[in-house]
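First up is the structure itself, then whatever we jot down about it.
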2 protein chains.
Amino acid sequence: MKEQEDQSLRGRVLQQIRDGILSGKYATGDELREITVGKELGVSRTPVREALRQLELEGLVEIIPNKGARVNGITSKDVKDIYMIRSYLEGLAARWATENITEEELNELEEIVLLSEFNLRKEQQDQMVLLDGRFHALIYKASNSRMLDHVLVDFHRYVKHARASSVAEKDRAKKSVREHKAILEAIRDHDADLAEQLANEHILRVMENLRRQGYEEINKDNG
Amino acid sequence: MKEQEDQSLRGRVLQQIRDGILSGKYATGDELREITVGKELGVSRTPVREALRQLELEGLVEIIPNKGARVNGITSKDVKDIYMIRSYLEGLAARWATENITEEELNELEEIVLLSEFNLRKEQQDQMVLLDGRFHALIYKASNSRMLDHVLVDFHRYVKHARASSVAEKDRAKKSVREHKAILEAIRDHDADLAEQLANEHILRVMENLRRQGYEEINKDNG
DNA sequence: ACTTGTACAGCTGTATACAATAGTACAAAA
DNA sequence: TTTTGTACTATTGTATACAGCTGTACAAGT
């Protein structure tokens, strides 16, 4: 799916509008005209319409029939809720990953953690964000559940901006890698209960860190 | 959103295709041609395209660029996974509902439980399905979390067919109402821990019941 | 027989045309 | 002044036209 979002025109339009909303370029309450947005992106109404309809399903815009699309951005409460929901579901994902992970996936997970530790020293923050994303995405995949993967990927996308600011903090990044390592070890030891608990706590800690640094700022336009 | 699905042409098309997939009319692997589907429903390509793009986001179809839309039905494993995911999230929903429910919502919840007990005696099974749906939907809403509500409503829709067969079983329906009542009481008593635990167990029991009666049959076309 | 090239048919991707609807400005009447 | 009716404009809803891609059938060459 992600791949298609990159190559097709509609996919690019979807991503750009979504990013526009998540980054605050389009603020909550803004009305998105099909023609206007189309001109902005250099395309006609059709791809824009399709993208807006998809964003409606995601909840990022509200479509009022015969009227238009209204931006329904993400508030700071939404972000907080998502982290809490994720703390539950990442626990389940870690549990299922423990039960279903393949040798190959386990190796990849180890590689990611190693790379993270390496980058930690070099303070490559953008790399850290990427590796953090890959770690979680791989656990979702290893859970071997389309449904769980689907919902977690969606949520992950929503909090993309919040996430970037969290990992950027060096102190938090260090702890985060340590937590990832512990989760990895629990998975490798086939200790599903522990993996679930660790993953659960990991997200709660990220959330706590976000709260401390005041995630309101990130979404000041929407919240 | 639901309202708009009913009134707009695109919304109706979306619902019809989705129902077609969930009911097994369109089986996994089927290719949905825009023109063909359009003719079936008496509309042009445009609304069909928009609906298919939305279903892609839901994961019910896979869109292969320049090729078409392939049905990606729900397997029995998906249903099982959804119930497990829901058991986690309904617990959270009940917890948050306990903390945020309004007097009005509490009254409505009580009314639903009362009606359920009444219908139980009259053995009105379709009414029971409706009331069960309303009970859960109301808890989602009372949780006062857009995000949680959104994801749970989506999942609920996915397992619609499995749900109908579960509540249809009289014995299970009786127990289900009893469990709903217990959850309601925990919410009324502001006992969030208990509400969470009860809601969690409630879904697990529904799942267990589904397993016993062999939910494979319901999705024989897809699983 | 097998491979390769080519034309064709069918479908999607995108743009645009036309219809329907909703909001607005403004004038006429009370 | 307020209300109401009306015409107009802007925007969406739907259909369709056209371009581009993909897979296939079939023939030509090896």
Side-chain angles (χ1 to χ4, degrees), chain A residues 1-21 25-73, chain B residues 1-21 25-73:
Chain A
M1 188 173 109
K2 206 45 170 292
E3 308 83 54
Q4 283 151 43
E5 285 192 9
D6 293 333
Q7 61 189 103
S8 84
L9 188 52
R10 169 189 56 85
R12 281 202 305 277
V13 171
L14 173 60
Q15 274 191 318
Q16 292 189 67
I17 301 180
R18 182 158 53 207
D19 279 354
I21 295 175
K25 178 184 162 197
Y26 302 125
T28 298
D30 280 5
E31 306 236 325
L32 297 179
R33 303 282 143 66
E34 291 170 2
I35 297 180
T36 312
V37 176
K39 266 185 192 159
E40 265 178 51
L41 306 178
V43 298
S44 80
R45 287 178 55 206
T46 310
V48 176
R49 272 186 73 81
E50 291 174 358
L52 287 177
R53 293 309 182 281
Q54 295 192 280
L55 289 170
E56 181 196 19
L57 218 64
E58 291 189 21
L60 286 182
V61 308
E62 180 184 3
I63 303 241
I64 301 150
N66 291 312
K67 180 116 195 302
R70 215 182 122 275
V71 175
N72 227 324
Chain B
M1 189 172 110
K2 206 55 175 279
E3 308 82 54
Q4 284 151 40
E5 286 192 7
D6 293 335
Q7 61 192 101
S8 85
L9 188 52
R10 171 188 56 85
R12 281 202 306 278
V13 170
L14 173 62
Q15 273 191 319
Q16 291 188 67
I17 301 180
R18 182 158 52 208
D19 279 353
I21 295 175
K25 179 186 163 196
Y26 302 123
T28 297
D30 280 7
E31 307 238 325
L32 298 179
R33 306 279 144 65
E34 292 169 3
I35 297 179
T36 313
V37 175
K39 265 184 191 157
E40 265 178 50
L41 305 178
V43 298
S44 80
R45 287 176 57 203
T46 310
V48 176
R49 271 186 74 82
E50 290 174 358
L52 288 177
R53 292 309 181 282
Q54 294 192 280
L55 290 170
E56 181 197 19
L57 219 63
E58 291 189 20
L60 287 182
V61 307
E62 179 186 3
I63 304 242
I64 301 152
N66 291 312
K67 179 120 197 300
R70 211 180 127 277
V71 175
N72 226 326

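The figures here come from the full heavy-atom set of this structure, side chains too, leaving out hydrogens, waters and symmetry mates. Every chain is numbered from 1 and lettered A, B, ... according to where its sequence line falls, protein lines coming before strand lines.
Among all heavy-atom pairs drawn from I63(B) and A69(B), the shortest one is CD1-CB, 4.2 Å. Closest approach of N72(A) to T28(A), counting heavy atoms only: C-OG1, 4.3 Å. Heavy-atom minimum distance, L32(A) versus Y26(A): CD2-CD2, 3.7 Å.
A residue-by-residue look at G42(B) and L32(A) shows that L32(A) has its nearest nucleotide of DNA chain D further toward the 5' end.
Per the geometry, CZ belonging to R45(A) stands 16 Å off P belonging to dT16(D), to the nearest Å. Spacing between atom CZ of R12(A) and atom P of dG13(C) amounts to 13 Å, rounded to whole angstrom units. Atoms CG (L41(A)) and P (dT14(C)) sit 13 Å apart, rounded to a whole Å. Per the geometry, CD belonging to E34(B) stands 12 Å off C1' belonging to dT14(C), to the nearest Å. A straight line from CD of E31(B) to P of dT24(D) spans 11 Å, rounded to a whole angstrom. The distance from atom CZ of R49(B) to atom P of dT16(D) is 16 Å, rounded to the nearest whole Å. The distance from atom CG of L14(B) to atom C1' of dG13(D) is 16 Å, rounded to the nearest whole Å. Here the P atom of nucleotide dT14(C) and the CD atom of E50(B) are 14 Å apart, to the nearest Å.
Relative to the side chain of K67(B), the nucleotides dT22(D), dT12(D), dG13(C) differ in distance, and dT22(D) lies closest. When the nucleotides dT21(C), dT14(D), dA15(C) are ranked by their closest atom to the side chain of P47(A), dA15(C) comes out on top. Side-chain proximity of N66(A) to dA15(C), dA22(C), dT14(D): nearest is dA22(C).
For the pair R10(B) and dT14(D), the criterion of a side-chain N or O lying under 4.0 Å from OP1 or OP2 is not met. Between S44(A) and dA15(C) there is a side-chain N or O to OP1 or OP2 distance below 4.0 Å. For R53(A) and dG13(D), the shortest distance from a side-chain N or O to OP1 or OP2 is below 4.0 Å.
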Report task. Before giving the answer on side-chain contact (heavy atoms from CB on, under 4.5 Å), spell out for R53(B) and R53(A) the whole-Å C-alpha distance, their side-chain angles and the decisive distance to 0.1 Å. Result -> CA-CA 8 Å; R53(B) 292 309 181 282; R53(A) 293 309 182 281; over 6 Å; no
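You'll find the side chain of Q54(A) stays beyond 4.5 Å of the side chain of R18(A), heavy atoms only.
Residue R33(B) is in sugar-phosphate contact alone, with no base atom involved, counting any heavy-atom pair closer than 4.0 Å across all strands shown. If you check every strand for non-hydrogen atoms under 4.0 Å, L52(B) touches nothing.
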